[in-house]
Amino acid sequence: MASFSRILLESYPINCQGLQRIEFTKENISLTVYFGEVIPCLKDLDPKKVSFDACFHDGFAPLRNKEMWSPEVFHYLSKLSNDKTTYSTFSSSKIVTEGLKQNNFQVQKSKGFGHKRHMTKASWSKKSKKKNDSRKKDVAVIGAGLAGCTLAKKLIDKGHNVTIFEKDAGFNKGPSSFEALVVYPRLSAFNTPYSHFCLHSYLYSTSYYEALKTTHWNKTGVLLLDFDETTHKRFNDLLKARQDEKVFKKVSKDEASNLAGISVPNSGLYFKDAGWLNPKNLIKELLNNSEISFVPQEVKKITETKVYLEDNEYSFDHICLCSSFQSNKLIELKGIRKKRGQITYLSKELDIANLKIPICAEGYISPTSKDILITGSTYSNSFSEKATLEDDLKNIQKLKKITDQKVKVLGSDYGYRSTTPDHLPLVGKLKDIFINISHGSRGTTSAPISAQFICDLIDGSPPIFGKEMIKSLSPERFTE
Ligand SMILES: Cc1cc2nc3c(=O)[nH]c(=O)nc-3n(C[C@H](O)[C@H](O)[C@H](O)COP(=O)(O)OP(=O)(O)OC[C@H]3O[C@@H](n4cnc5c(N)ncnc54)[C@H](O)[C@@H]3O)c2cc1C
């Protein structure tokens, strides 16, 4: 028992409102914990997707903690039950037995444990229409960027058959071919769907990359500099809202410089679990280490179950679109915007040669797996199909907020982000096709949790998101 509780305690999620998933890969168990007030939490679970096998109701004495035993709680427990659901609680109070009986549970008073004379056991008494489709599926994933590859790997790990289609088989174009992408969240102290998603996707992605045990993920920590008034106010609000230092902590200018390995001009916030990854190598590793079938061709057309290439067609149980801004060629989607970005590679010289971790201010600078640094990035509506000097100069201008050292440019690259007006990705189902796109400027954090969600939908497992978040990410949300 002690060995089980040790594993549980080591992986136990930090206290932050919402659903969190922990995967115990070796034991083949996943644990979903919902932190929050009981009624909003139960209300946020979709009875069509979530159904309890066993419910242990543990909420202090009913007279001391009325919310936990209210008629509404029993109503939602009933909605989330099926004909195999069992219920138990240490309490044998009348409030409990009545609440259960009124909501279609068959109640049984049993012998209690410890110093308790009685406890309550119950089972749901109605016939359930809920069915779990646990069949292994044939799934097509279109696009082998971070979104497609993290999804393909999740599906393979769950035992599905996966074929991934990619038109740029050399992985030589776009952000997935950059030498490094920085993994950190854009947090705000306000309780908005965007801030909620940013925090949860960050927490999920950092444990996801850790669990991969790959050399292409570098958990170095990331430093965010307090470089202007707006940032200063945002950081102060964040520090007031979250004081436990589990996600970030305030660091002085000297502490920041020590962590970064170079002298920085401001204090900042330090995210200890953040870091940077080499997207191209990680993608190759995800594809190589598994039984994913790889088809290096452009998909020309899709239906709910068919993928058409120039001169071939394939049939599947499900199709998942992970083709970023190019998805519009295959299905009509509202709300996608295409934003160009350029990064600049720098020589490791003088002070910045000692850079140990990514630093973000107006732009960012990060180590890479080669003997060069990366700085970026621009954000524009341009469609220039070559790297420009103008954009390199913009990146170097932004870098001045981090270091005033002279730098030597070694090269540059560009790519396109798919973004949306509310900055949240489009993740979910549309016209019976799974959509996982528009990860904007935060694909490294948002791809793993989105992959988990799509995998849950395909698997018929309880989803990693509650109803509110599912609505906020819906691919239909920009359609009138
Ligand atoms: C300049 C710049 C800097 C960035 N920096 C960061 C950063 O530091 N940290 C961070 O988290 N994010 C960063 N991003 C964002 C991040 O790169 C993206 O969010 C992420 O790469 C999106 O992954 P994706 O898989 O959705 O899209 P992509 O990586 O674009 O992959 C989509 C894939 O689909 C393929 N495809 C499209 N259509 C078809 C078709 N019909 N058939 C077959 N294949 C098809 C494409 O060839 C492509 O490989 C940056 C982006 C840019 C442009």
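Here the structure is a predicted model, which is why all the values come from computation and not from measurement. No hydrogens, no waters, no symmetry mates; every other heavy atom, side chains included, goes into these values. Counting convention: from 1, in listed order, for ligands and their atoms alike.
Of the N or O atoms in I437, none lie within a sub-3.5 Å distance of an N or O in ligand 1. Of the polar atoms of L146, at least one N or O is found under 3.5 Å from an N or O of ligand 1, judged by distance alone. An N or O contact shorter than 3.5 Å is missing between I142 and ligand 1 by distance. Considering backbone and side-chain atoms together, V299 places an N or O closer than 3.5 Å to an N or O of ligand 1.
The pair E304-K431 fails the salt-bridge criterion, with no side-chain N (NZ, NE, NH1 or NH2) lying under 4.0 Å from an Asp/Glu carboxylate O. Between E10 and R6 there is a salt bridge, since a side-chain N of the basic residue sits under 4.0 Å from a carboxylate O of the acidic one.
Other residues, nucleotides and ligands contribute only 12 or fewer heavy atoms inside 6.0 Å of the CZ atom of F190. Within a 6.0 Å sphere centred on NZ of K272, other residues, nucleotides and ligands contribute more than 12 heavy atoms.
Y12 and F35 have perpendicular rings, their planes meeting at more than 60° on a 0 to 90° scale where under 30° would count as parallel. Between Y209 and W217, the ring-plane angle classifies as tilted under the 30° and 60° cut-offs. Using cut-offs of 30° and 60° on the angle between ring planes, the pair F453 and F465 is tilted. Aromatic ring pairs are classed by plane angle as parallel below 30°, tilted from 30° to 60° and perpendicular above 60°; the pair F294 and F171 is tilted.
In this structure, atom 11 (O) of ligand 1 lies nearest to the protein heavy atom T444 OG1, 2.5 Å. Atom 4 (C) of ligand 1 has L181 CD2, 3.9 Å as its closest protein atom, hydrogens excluded (heavy atom only). The shortest contact between atom 10 (C) of ligand 1 and any protein heavy atom is with S441 O, 3.3 Å. Of the protein's heavy atoms, S323 CB, 3.4 Å lies nearest to atom 38 (N) of ligand 1. The protein heavy-atom contact nearest to atom 46 (C) of ligand 1 is E166 OE2, 3.5 Å. For atom 2 (C) of ligand 1, the nearest non-hydrogen atom of the protein is F178 CE1, 3.5 Å. The protein non-hydrogen atom at the shortest distance from atom 17 (O) of ligand 1 is P175 CB, 3.0 Å. Ranking protein heavy atoms by distance to atom 34 (O) of ligand 1, first place goes to G143 CA, 3.2 Å.
Residue G440 holds the heavy atom nearest to atom 18 (C) of ligand 1 of all those in A169, S205, G440, G145.
For ligand 1, the atoms closer than 4.0 angstrom to any heavy atom of G415 are 53 (C). Within the listing of ligand 1, atoms 32 (C), 34 (O) sit less than 4.0 angstrom from a heavy atom of C322. Atoms of ligand 1 found under 4.0 Å from any heavy atom of Q297, numbered from 1 in the order shown, are 43 (C). Each of the atoms 29 (O) of ligand 1 lies under 4.0 Å from some heavy atom of S176. Against a heavy-atom cut-off of under 4.0 Å, G341 is close to the following atoms of ligand 1: 1 (C). The contact set between ligand 1 and K167, taken as ligand atoms under 4.0 Å from a residue heavy atom, comprises 39 (C), 43 (C), 44 (N), 45 (C), 47 (O). The atoms of ligand 1 that sit less than 4.0 Å from any heavy atom of H439 are 19 (O), 26 (O).
Here Y416 and F325 bring their ring centres to under 6.0 angstrom of each other.
With D422 contributing its side chain and L424 its backbone, the two residues share a donor-acceptor pair below 3.5 Å.
For T344 against V409, the heavy-atom pair with the smallest separation is CG2-CG1, 3.7 Å.
The structure places CZ of F227 at 12.5 Å from OG of S267, a figure rounded to the nearest 0.5 Å.
Residue-level proximity to ligand 1 for Y414 is absent, since no heavy atom of it falls below 4.0 angstrom.
None of T378, D391, T388 except one satisfies the side chain to side chain donor-acceptor pair (under 3.5 Å) rule with R340; the exception is D391.
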